[in-house]
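Quick notes on the structure that follows.
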Amino acid sequence: MAEAKIYQVLWTNTAQQDLTEIVEYIAQDSIADALAILQKLETRAALLITLPNRGRIVPELLHTGISQYRELVSAPWRIIYRVENKQVLIMAVLDSRRDLQTVLLNRLSH
């Protein structure tokens, strides 16, 4: 049996800021819920340490010819990332109820 490749999962400053904003917003109503969501999102992202290509290519970006970004869905949030060498870079955590094509194209084109 082949040994599984291990990747390093890194959060960009932008993704960390997204996570902070989500947690702070939810904490206004319930600190317990906010902490549970934080743990859920961090745990989901940590799964990318192995098999980082498990996430689908982001459909809104694929339509524009951009295919290097993938996502894991943890409803209603989408964890956007890309794989580089032995690293998984978490680029954003976004609410799937937003117009993601505009948000992503603005963020990722810089």
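With hydrogens and angles left out, the side-chain atoms of Q17 and E21 include a donor and acceptor closer than 3.5 Å.
Applying the 6.0 Å contact sphere to CG of N85 captures no more than 12 heavy atoms from other residues, nucleotides or ligands. Heavy-atom neighbours of I31 CD1 from other residues, nucleotides or ligands within 6.0 Å: at or below the threshold of 12.
Side-chain contact between T50 and K5: absent, with no pair of heavy atoms (C-beta onward) separated by less than 4.5 Å. Inter-residue side-chain proximity for V9 and I90 is flagged as met; some heavy-atom pair is nearer than 4.5 Å. In this structure, the side chains of K86 and Q8 stay at 4.5 Å or more apart for every pair of heavy atoms. Taking the side chain as every heavy atom from C-beta outward, L10 and V88 never approach each other to under 4.5 Å. Using a 4.5 Å heavy-atom threshold, the side chains of R54 and L51 count as touching. By the 4.5 Å heavy-atom criterion applied to side chains, L72 and L48 are counted as neighbours. In this structure, the side chains of V83 and N53 come closer than 4.5 Å at one or more pairs of heavy atoms.
Between the CZ atom of R56 and the CZ atom of R70 there is a distance of 11.5 Å, given to the nearest 0.5 Å. If you take CD1 on I49 and OH on Y7, they are separated by 11.5 Å, rounding to the nearest 0.5 Å. If you take CG on L19 and CD on E24, they are separated by 10.5 Å, rounding to the nearest 0.5 Å. Separation of atoms OG1 (T14) and CG (L89) is listed at 11.5 Å; rounding is to 0.5 Å. Taken to the nearest 0.5 Å, the CG atom of L41 stands 6.5 Å off from the CH2 atom of W11. Put simply, CG on L38 and CD1 on I22 are 9.5 Å apart, with the number rounded to the nearest 0.5 Å.
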Determine, step by step, whether W77 and I37 satisfy the side chain to side chain contact (heavy atoms under 4.5 Å, CB included) criterion, reporting the C-alpha distance in whole Å, the side-chain angles of both residues, the deciding distance to 0.1 Å, and the verdict.
-> CA-CA 10 Å; W77 295 280; I37 296 294; 3.8 Å; yes
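Without hydrogens or angle criteria, S67 side chain to L62 main chain gives no donor-acceptor distance under 3.5 Å. The closest donor-acceptor contact from the side chain of S30 to the backbone of D33 lies under 3.5 Å.
Between A34 and A27 the shortest heavy-atom distance is CB-N, 3.6 Å. Contact record, R82 with M91: NH1-CE, 3.3 Å, taken as the closest heavy-atom pair. In terms of heavy-atom proximity, A92 sits nearest to A15 at N-CB, 3.7 Å.
E42 and K40 are not joined by a salt bridge, as no carboxylate oxygen comes within less than 4.0 angstrom of a charged side-chain nitrogen. Under a 4.0 Å N-O distance rule, the pair R78/E60 qualifies as a salt bridge.
Linking ILVMFWY side-chain heavy atoms closer than 4.5 Å, directly or via other members, places I26 and I79 in a single hydrophobic cluster.
Residues satisfying the salt bridge (Lys or Arg N to Asp or Glu O under 4.0 Å) criterion with D95, sequence neighbours excluded, are R97.
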